[in-house]
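Note that this is a predicted model, so its numbers are computed, not measured.
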Amino acid sequence: MCVKHDKLLELFCKTDQVCVCMLCTVSEHKTHDVVPLKEGYEGKKAELGKTEAEIQQMIQKRRLKIQEMNHSVELSKEGADREIADGVQVFTALKESVERSQAELMDTIKEKQRETEEQAEGFIKELEQEVSELKKRSSEVEQLSRSEDQLHLLQSFTSLNAAPPTKNWTEVRVRPPSYEGTVRRALSQLEETLRKQMKKLLEVELKRVQQSEVELKRVQQSEVELKRVQQSEVELKRVQQYEVEVTLDPDTAHPNLILSDDGKQVNDGDVWKDLPNNPERFDTCPCVLAEQSFSSGRFYYEVQVKGKTDWDLGVARESINRKGNIPASPQKGYWLIVLRNENEYKALAGPGVRLSLKSQPQKVGVFVDYEEGLVSFYDVDAAALIYSFTGCCFKEKLYPFFSPCYNDGGKNSAPLIISPVNLTE
């Protein structure tokens with residue numbers, strides 16, 4: 001509001017106004033003598049709170065989309081790196097196989113050429129030896145033909161006229177080796193190697209596809225879980241907007257309970273105190289209600305339960321029985337969740353519902369929508385919904401309900417602490 005005085009307020013609502021009355025932004029009125037200013041202001045505050053919650057929800061959805069896209073990019077990069085690595089491995093193996101086949105082919109050809117050369121060298125060596133022998137015979141014949149010693153001529157003629165000890169070289173050939181089929185056989189071997197490599201590659205690819213399907217399912221489950229968590233964070237942030245002041249009412253506290261001076265903490269002292277047995281006081285179960293009651297709208301508060309082995313939390317209607325043993329259930333006017341034996345969580349829905357939680361809550365948020373008939377409990381640190389009572393029919397005042405349960409020889413001596421709300425990021 002710019003001013004409080006009605007006449008001045010009317011001036012601010014004219015067309016040439018400099019300041020604008022907040023009420024005139026949503027209606028056509030030009031006077032304010034019948035307008036409930038306080039209610040209008042509170043209505044505006046409520047609208048602003050709702051708008052803020054909607055904006056935060058839009059922000060969270062876009063942050064989720066950004067995370068999804070970043071995650072998709074990461075998956076794409078991982079897939080690309082994997083494909084590159086597989087491709088390099090395959091083509092390196094193929095390259096090595098081709099180079100090995102080429103080397104084997106050249107070795108085969110060179111070996112045949114070497115054998116041919118060795119054979120030719122052997123023949124040439126024999127021929128040169130025979131040529132040398134024939135030259136020697138030719139020299140002897142020439143000398144004998146010049147001799148005038150008839151007796152010597154007759155004696156030597158027989159041995160020189162005999163055929164020299166030579167080989168018949170008519171059919172002897174040095175034939176070039178045949179390379180027909182050498183390359184074809186090498187290619188056939190390479191083809192077989194490639195076939196085996198392809199089979200191996202297909203087996204690897206099939207296995208990778210199967211692993212990818214498993215990984216995809218895991219990623220999809222992770223994305224679903226991420227969405228669920230982020231939706232829970234948005235939901236928790238929304239209900240935290242309805243934080244209310246809650247203090248413990250000492251007139252309702254069981255005589256064993258010890259309340260802090262500020263009314264924010266309670267634990268079981270294991271000692272009965274002599275207190276008035278007024279109708280509001282619990283006399284058997286170690287319970288206590290809040291001083292505040294709620295009969296409309298929405299409200300939210302948080303309670304630290306760290307270090308406890310047993311506790312009860314929730315809301316209760318005004319007319320509940322506070323004397324003797326209390327069979328807590330919605331039918332009896334209690335909407336509670338409880339912890340027993342350090343890790344057994346249950347919603348007292350009549351019959352009880354066992355709760356499987358991924359982590360042990362250190363701080364529990366309690367939210368009530370009176371008109372919707374809803375009571376929800378949250379693990380604040382995990383930003384996760386624990387349990388909701390739905391379809392409730394509230395006709396009386398509701399009071400926040402607390403039970404630190406019995407001390408249990410010191411095992412459960414930690415207090416329940418009503419904590420201020422720190423809005424989740």
Side-chain angles (χ1 to χ4, degrees), residues 76-215:
S76 176
K77 185 178 183 304
E78 290 175 2
D81 291 344
R82 185 169 54 247
E83 287 299 323
I84 289 173
D86 290 347
V88 168
Q89 181 180 3
V90 169
F91 281 97
T92 298
L94 293 178
K95 179 182 176 183
E96 292 175 352
S97 180
V98 170
E99 291 175 347
R100 186 167 52 252
S101 296
Q102 179 183 1
E104 291 174 355
L105 172 64
M106 296 185 68
D107 287 344
T108 299
I109 295 172
K110 288 179 179 180
E111 177 64 21
K112 287 186 176 182
Q113 176 62 20
R114 185 186 63 79
E115 291 175 354
T116 300
E117 290 176 356
E118 288 180 353
Q119 182 187 46
E121 288 175 358
F123 289 159
I124 291 171
K125 187 176 181 180
E126 287 185 50
L127 287 169
E128 288 178 343
Q129 182 68 30
E130 288 186 3
V131 168
S132 178
E133 291 294 329
L134 290 173
K135 283 182 177 181
K136 182 181 179 181
R137 176 68 63 90
S138 174
S139 177
E140 291 176 352
V141 170
E142 183 182 359
Q143 291 178 2
L144 185 62
S145 65
R146 294 194 191 113
S147 176
E148 294 179 357
D149 187 345
Q150 296 181 358
L151 179 61
H152 177 67
L153 176 63
L154 292 172
Q155 291 175 342
S156 301
F157 179 79
T158 302
S159 61
L160 291 175
N161 192 45
T166 58
K167 187 176 181 179
N168 184 3
W169 294 94
T170 305
E171 301 298 329
V172 177
R173 299 282 189 279
V174 175
R175 302 182 184 279
S178 173
Y179 298 110
E180 182 181 355
T182 304
V183 176
R184 188 184 70 252
R185 284 191 296 273
L187 288 176
S188 297
Q189 292 176 354
L190 179 59
E191 183 180 4
E192 178 65 16
T193 301
L194 292 177
R195 189 185 65 78
K196 291 180 179 179
Q197 187 67 28
M198 285 297 297
K199 182 180 179 182
K200 181 180 178 181
L201 177 61
L202 290 174
E203 291 174 350
V204 171
E205 182 70 14
L206 177 60
K207 184 176 180 180
R208 189 176 66 78
V209 169
Q210 292 172 341
Q211 290 174 341
S212 296
E213 290 176 352
V214 173
E215 178 66 15

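Side-chain atoms of Glu115 and Gln119, non-hydrogen and from C-beta on, never get closer than 4.5 Å to each other.
Distance alone, capped at 3.5 Å, places no donor-acceptor pair between the Ser139 side chain and the Lys135 backbone. Here the side chain of Thr116 pairs a donor or acceptor atom with the backbone of Lys112 at under 3.5 angstrom. Panel note: side chain Thr92, backbone Val88; a donor-acceptor pair is recorded below 3.5 Å.
Here the options are Glu192, Met198, Glu191, the test is side chain to side chain contact (heavy atoms under 4.5 Å, CB included), and the partner is Arg195; only Glu192 passes.
The CD atom of Gln102 sits 10.5 Å away from atom CG of Asp107, with the distance rounded to the nearest 0.5 Å. With rounding to the nearest 0.5 Å, the separation of NZ in Lys110 from CG in Leu105 is 10.5 Å. For the atom pair CD of Gln113 and CE of Met106, the computed distance is 12.5 Å after rounding to the nearest 0.5 Å. Between the NZ atom in Lys95 and the CD atom in Glu99 there is a gap of 5.5 Å [rounded to 0.5 Å].
At a threshold of 4.0 Å, the pair Glu117-Arg114 does not count as salt-bridged, since none of the basic side-chain nitrogens sits closer than that to a carboxylate oxygen.
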Side-chain atoms of residues 169-176: list all donor-acceptor pairs with protein atoms under 3.5 Å, sequence neighbours left out, distances to 0.1 Å.
{"from": "Trp169", "atom 1": "NE1", "to": "Glu130", "atom 2": "OE1", "distance (Å)": "2.8"}
{"from": "Trp169", "atom 1": "NE1", "to": "Glu130", "atom 2": "OE2", "distance (Å)": "3.4"}
{"from": "Trp169", "atom 1": "NE1", "to": "Lys167", "atom 2": "O", "distance (Å)": "3.4"}
{"from": "Thr170", "atom 1": "OG1", "to": "Asn168", "atom 2": "OD1", "distance (Å)": "2.6"}
{"from": "Arg173", "atom 1": "NH1", "to": "Thr170", "atom 2": "O", "distance (Å)": "2.7"}

